[in-house]
Amino acid sequence: TGGVLRGDGGGPGGLGGDRLSGLLPGDQLLGLLRLLCLLGLLCRNALRGCPTGFPGRAHSSSAPARGRGRGVRLWRGVVVGLVVRHGVVPAVVDEPGSGNGLARDMDGDLSGGRLRGHGDLPGDATLHLSRNLHLPGRDRRLFRTARPVRGALGAVRLRGRQGEHRAGRGLLCGGPLVRGGQGATPPAASPAPPPEPSVPMGANPLLEPPAAHGMQPFADIRPAHYRPALEQAVAEREDRVAAIAADPAPPDFANTVEALEFSGTRVQYIHDAFTHQVTAGGDPALTGLEQDIAVLLSRHEGRIVRNRRLVARIDAVHAGRDTIADPQSRALTVHWWRRMRRVGAMLPAEAARELGEVNRQLSRECAAYRQTLIEDTHRQALAVPGPDVLRGLPADRLAATAEEAARRGRAEPWHVLPLASSTSQPALVQLSDRDTRRTLFERSLGRGADNEERAARIARLRARQARILGYPSYAAWATEDQTTGTPQAVEAMFRQLAQPLLHAAHTERRALRARAGHRIRAWDWTHHAAAAPPGAGEGPTADELRAHFELDAVITQGLFHSARLLYGLEFTEHHDLTAHHPGARVFQVTDEHAGTVGLFLIDVFSRPGKRGGAWTGILRPQAHSTATRPVVVNTFNLTPPGTGRPCLLDMSEVVTLFHEFGHALHALLSDVRYPAHSAPGVPRDFSEAPAQVHETWAFDERLLAHYARHHRTGQPLPPEWIKQVGERHGTGGVHLLVEILGAAAVDWSWHTLPDAPDAPDAPDAPDARSASDAPSAPDGQGGNADWNPARVEARGAARWGLDKVPEIPPRYRSGYFDHVFHGPYGAGFYAYLWSEIIAANLVEALERRGGLTRASGEALRTMLAAGGSRAAMAMFHELTGLDQPRIEPFLRRRGLPDPDIAPSSLSPNRTSS
Ligand SMILES: [Zn+2]
């Protein structure tokens, strides 16, 4: 979770081009993408600071224009430049001559220590440096190194001017751009990326050996280094792979599987650096490189998979795997063999060609799906001519809607409320005007209409992929290497969850209706559910609670202290190391024997150009074989609080921090030989579980007493509030769970359909809501499938009874389900629920060991340390004593009544590795 789903967006883009890997979850055949929690879903929030929820697009209305000079930045016709010695710092300037006009945001290019201005900027313009208002101390230090610079224009002075700043939402606001001389002529905007600054290459820091701390040398890396470094690394790797394939010695583990695993280390090292820099919203030149690099890597991957001699050698080693004594080596052999087989590397030539063609079509459809969705989501934002109908929104969010209007070129009194990616909009909770809620909701539900047929085409192409590879459905292919193992296990989960969730939803609907005094519609539910329930008594207000959750205290006294109690870890801030973005803080992690564990980076605040949401990235995966310590990054998009004000969090944000920190600990505590097994090298439907376990500690009473203190008085959270914190956290939970189950059902309904090449298209259905009585095709059973989008959705809902609660529509529908139709979650959305069921079982087992103690920490650490080198469910069994996860702990965790069903267990695939 975390959020890229609530930050939704989905993190870094997948590969385009001629990838052979269209089938792959994660989209990247060779596992290059090391980001966990791309879709952060169960973590609440994270949308703060990411108005549209689409990474990299939130500010598309102010796309940089191509200028005439090298490295010029034109921001909607305004020349902006900002120079610091190194790194990238966002800057804002006013419209020329507009005095107190609108601030514009951008990322200034700071490389080279020179302001690179544009010829239209007249003679004696003075650009006042804005001070970074919300980034931590390291950045302010960067700012202090800023100095007046003679730029390319000869007369641009850059001057820091502290104390004259207005705080913006995720923006930095600067002083006015004072013009002299003739007026500037704003050049026409164009969507083209800015030209890549040229950097004298000399030695390429990306090709140098890593420094002792292991992190990539970000202080020296420039955008222009990436492509040549990657080209060289790819060429080297292909030479090595060719040598493996041509080896005259008979294939064995060391000369084939292990050699292949090591061959990709440098490509991974460079790509990890790039992915982190580009998602952090650094130099726009990086964004311009993204597609190029994706194509470069995708072609590289394709060449490896099509290397028949290599694949034959892997197949031979796999056939003799029982003779490999070492379990990690055996697991690595299975890993590579399965990976190759699952993308069709072992298919006969004719079938491989057919698969390649399907993959190419799929690439195009998925890319078009996302592009359509981004544009439509942007277009459907709710614009209102004045703040009145937005009453209920907190002041900071209301201010953000005015800023959003300004970004879209609408002056006062307009406000624009952008759409979040999910059906249910976060603002529905606060908006008190019912008509506004309804309009907002209907816009959300209505977007992506053009994508519905495309979703059907994508699902059909995937069904065809599965058939070519020998699976009855895409769902069968997708679950094969997961802990569930089969579609039947997933359907058992649906069946067991649906009844108690729907029961709870009915109960809550009745209560809300009584409270509201009218029928509860879809746009009312979260609004009324968030109000204090009757009889709750006088509890703390949201603001009173927030006063006890100050960001730095949550990090150092909450997150870090939990790691100390569980694992004996210590975190020490390192001011001398340069992170992938100046906004990130770097901590050295040591264990109780003062041994270095790795580096932990945390990048908290939103900024222009940064991908939305919350996620965990791996800059360096732990691996003994390459003597690599882990370097792990937690990224969030919290709203900067403004000058001199504390950053206070609401509970959902606190939970998001704990969740992502759980992912980070999974990677930091990894103790495996091979990079492939290092977190997140575990089945996707298991990878969220450790993070969901760690979320739980946010509510631990002893830990709360330690970290939740009033930011001014230092007083701990009153004991009578502590209980309420946990209870409030649960409110709205039923709504969220039902909508997630609904989205999972949409996903499942599409991806269990079999490929039926000759089936005629079914006639159109008029509407999804009238189609629930349509004949229900048995999923995954063959026969003529009905691919009509409305009926596919309706069947999915009806199969589990979700049509009985139409007030809670699926969290995502076919036209705007980016995770599934562009991202890696096709037939995998169930994983959010499944992994939380696993997590709930783990938490109860850990509580029997004392909860937040070293005893339970050691037990959990054993599981985390093994990463993907052991079968996940075997480790689950060791920790819990259970053969299979049970549903009751999940219901207890969510505050739902136990269902009146026999004690249940779900049947996962215990043999998967
Ligand atoms: Zn997560």
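Only this structure's heavy atoms are used, side chains among them; waters, hydrogens and symmetry mates stay out. All residue numbers refer to positions in the sequence shown, counting from 1. Both counts, for ligands and for their atoms, begin at 1 and track the order of listing.
Glu688 contributes atom OE1 as its closest N/O/S atom to the Zn ion (ligand 1).
Checked against His819 for a ring pair (Phe, Tyr, Trp, His ring centres under 6.0 Å), the options Tyr832, Tyr369, Tyr812, Tyr830 give a single hit: Tyr812.
Atom NE2 of His666 sits about 9.5 Å away from atom NE2 of His694, to the nearest 0.5 Å. In this structure, Leu599 CG and Leu668 CG are separated by 8.5 Å, a value rounded to the nearest 0.5 Å. In this structure, the separation between NE2 on His580 and CG on Leu619 is 6.5 Å, given to the nearest 0.5 Å.
The distance from the Zn ion (ligand 1) to the nearest N/O/S atom of Glu660 is not under 2.8 Å.
Between NE2 of His663 and NE2 of His659, the angle at the Zn ion (ligand 1) works out to 100°, rounded to 10 degrees.
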